[in-house]
Amino acid sequence: MKISGTGSALPRKIVTNDMLAQFLDTSDEWIRTRTGVTSRHVISDEKLEDLAREAAEKALLDAGVRADDLDFIICSNVVNEYITPQLSCIIQGAIGATCPCIDINCACAGFIHALEIAESFYKAGKVENVLIVCAEEPTRMADWKDRRTCVLFGDGAGAAVLTPGDNIKSIKLSAMTATDKLWQMRMLQPTPYITKEETETPLQMKGQEVFKFAVTAASRDITRALEESSMSAEDIDYYLLHQANIRIINSIQNYLKQPAEKFPTNVESHGNSSSASCPILIDECNRKGMFRKGDKIAVSAFGAGFVSGAVVFEW
Ligand code: UT7
């Protein structure tokens with residue numbers, strides 16, 4: 001398969017660090033130096049499914065594929081207002097597709113997991129055109145009184161249309177359970193039979209442990225994907241990394257010993273938009289005309305679970 005089209009959509013509301021400092025014990029200086037983030041797009045009056053539809057329609061247009069020619073839709077999403085039906089089915093109707101669809105929740109690494117699933121569909125000869133949409137509103141997961149988490153996130157949707165090709169060189173996924181490092185719990189409806197204690201907890205994070213996992217996992221996944229592709233770090237034209245923290249990106253760059261120009265970022269103006277982060281970055285680079293046919297690209301992401309993954313492909 002190959003990526004034939006990309007799209008993205010962001011909420012209108014832009015929240016700067018200074019705006020956060022008006023109600024949180026934080027500062028632009030702390031957020032910028034510790035994370036690289038200056039502002040983020042935050043959902044206010046939009047619905048996430050509308051951003052997902054917009055990103056999907058842009059990707060279809062870019063690929064020149066019609067919605068009714070899609071054979072499968074994979075939506076990566078951690079939370080949205082609906083528990084059921086699944087977001088992919090809402091997107092299917094909104095864009096006028098009729099194909100089957102599934103949702104996956106692989107936290108911030110959802111885009112790479114979606115590519116892996118899609119690739120197995122291609123290898124099985126089951127599909128011609130696949131739509132991946134990663135739509136996330138992590139700002140609805142954080143406690144906005146907790147300066148350690150809420151300053152990190154932004155919302156948005158990123159999409160990619162896949163068509164037949166031989167451009168994916170390697171995909172590597174990993175999982176390592178760590179339920180106490182990055183988690184959130186919601187309360188389900190009560191029943192007359194529930195006797196266990198249940199609580200609702202906003203997003204909790206052991207930041208430094210997540211940081212260490214992120215650098216180790218991404219460095220390892222990229223190395224493995226390069227090995228499987230018979231490529232060296234030098235062969236890659238662009239490293240598009242999950243936009244969680246500029247310091248994490250810099251650490252991975254140092255590990256790979258590659259120049260900063262190979263690592264485009266948007267964490268400065270987007271924050272961490274979970275699984276939407278990679279496809280939004282890919283779309284922004286694509287629309288700037290950065291990629292040339294044949295460019296070698298590595299994408300890597302990590303997140304709650306812990307899960308992680310990297311893909312090496314040719315543009
Ligand atoms: O998609 C995956 C999701 N998560 C991540 O990728 C997060 C990975 N981790 C990180 O990016 C970093 O660990 C953070 C940015 C979350 C935190 O940076 P840090 O350098 O690890 O800071 P820290 O947690 O060690 O906190 C240092 C100090 C603490 O104060 P004390 O205890 O030293 O007095 C915090 O309370 O900074 C304080 N602090 C803040 N101060 C101002 C924490 N958050 C803030 C804040 N503003 N927003």
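First listed ligand is number 1; within each ligand, the first listed atom is number 1. These numbers come from the heavy atoms of this one structure, side chains and all, not from hydrogens, waters or symmetry mates.
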Quick one: which of V161, L162, L131 gives a side-chain contact (heavy atoms from CB on, under 4.5 Å) with V65?
V161
Between K47 and D50, does any side-chain N to carboxylate O distance fall below 4.0 Å?
no
I want to confirm something. Looking only at heavy atoms, which of W30, F213, F211 is nearest to atom 17 (C) of ligand 1?
W30
Does the side chain of Q253 pick up a donor-acceptor pair with the side chain of Q258 at under 3.5 Å?
no
Considering only protein heavy atoms, determine whether one is less than 4.0 Å from atom 32 (O) of ligand 1.
no
At under 4.0 Å between heavy atoms, which part of I248 makes contact with ligand 1: side chain, backbone, both or neither?
side chain
Ligand 1 atoms in contact with T35 (distance to a heavy atom under 4.0 Å)
15 (C)
Of all the atoms in ligand 1, which lie at a distance below 4.0 Å from a heavy atom belonging to V151?
48 (N)
How does T26 reach ligand 1, if at all, at less than 4.0 Å between non-hydrogen atoms: by side chain, backbone, both, or neither?
both
Who's the nearest protein heavy-atom neighbour of atom 14 (C) of ligand 1, and how far?
N245 ND2, 4.5 Å
Contact check: H242 vs ligand 1, nitrogen or oxygen atoms, below 3.5 angstrom
yes
Any idea which protein heavy atom is nearest atom 35 (C) of ligand 1, and the distance to it?
R147 NH2, 3.9 Å
For atom 47 (N) of ligand 1, decide whether some protein heavy-atom distance is shorter than 4.0 Å.
yes
Can a donor-acceptor pair be found between the side chains of N286 and T6 at a distance below 3.5 Å?
yes
Fit a plane to each ring of H242 and F302, take the angle between them on a 0 to 90° scale, and name the class: parallel (under 30°), tilted (30 to 60°) or perpendicular (over 60°).
perpendicular
Give the atom numbers and elements of ligand 1 that come within less than 4.0 Å of a heavy atom of A244.
6 (O)
I'd like to know if atom 40 (C) of ligand 1 has any protein heavy atom within a distance of less than 4.0 Å.
yes
Just to confirm my output: which protein heavy-atom neighbour is closest to atom 19 (P) of ligand 1, and how far is it?
R34 NH1, 3.7 Å
Given K212, R247, K206, which one has a non-hydrogen atom that is nearest to atom 18 (O) of ligand 1?
R247
Any idea how F72 and F121 line up, ring-wise: parallel (<30°), tilted (30 to 60°), or perpendicular (>60°)?
tilted
Taken in chain and number order and not counting sequence neighbours, the residues that satisfy side-chain hydrogen bond (donor to acceptor under 3.5 Å, both in side chains) with E116 are none
Of L51, L281, D283, the one forming a side-chain contact (heavy atoms from CB on, under 4.5 Å) with S8 is D283
Does the protein come close to atom 1 (O) of ligand 1 - that is, does one of its heavy atoms sit below 4.0 Å from that atom?
yes
Could you tell me if R220 and S174 have a donor-acceptor pair between their side chains, going purely by distance under 3.5 Å?
yes
Give me the residue, atom name and distance of the protein heavy atom closest to atom 5 (C) of ligand 1.
V210 CG1, 3.6 Å
What's the verdict on side chain to side chain contact (heavy atoms under 4.5 Å, CB included) for L20 and W144, showing C-alpha distance, side-chain angles and the deciding distance?
CA-CA 9 Å; L20 297 178; W144 281 74; 3.6 Å; yes
Part of N272 within contact of ligand 1 (heavy atoms, under 4.0 Å):
side chain
Full working for side chain to side chain contact (heavy atoms under 4.5 Å, CB included) between I112 and I171:
CA-CA 8 Å; I112 322 269; I171 305 177; 3.9 Å; yes
Please lay out, stage by stage, how I222 and Y255 fare under the test side chain to side chain contact (heavy atoms under 4.5 Å, CB included).
CA-CA 11 Å; I222 294 169; Y255 172 85; over 6 Å; no
Taking atom 4 (N) of ligand 1 as the reference point, the nearest protein heavy atom with its distance:
M205 SD, 3.3 Å
Option set Q208, Q243, E209, criterion heavy-atom distance to atom 21 (O) of ligand 1, minimum
Q208
If you scan protein heavy atoms around atom 8 (C) of ligand 1, the nearest is G207 O, 3.5 Å
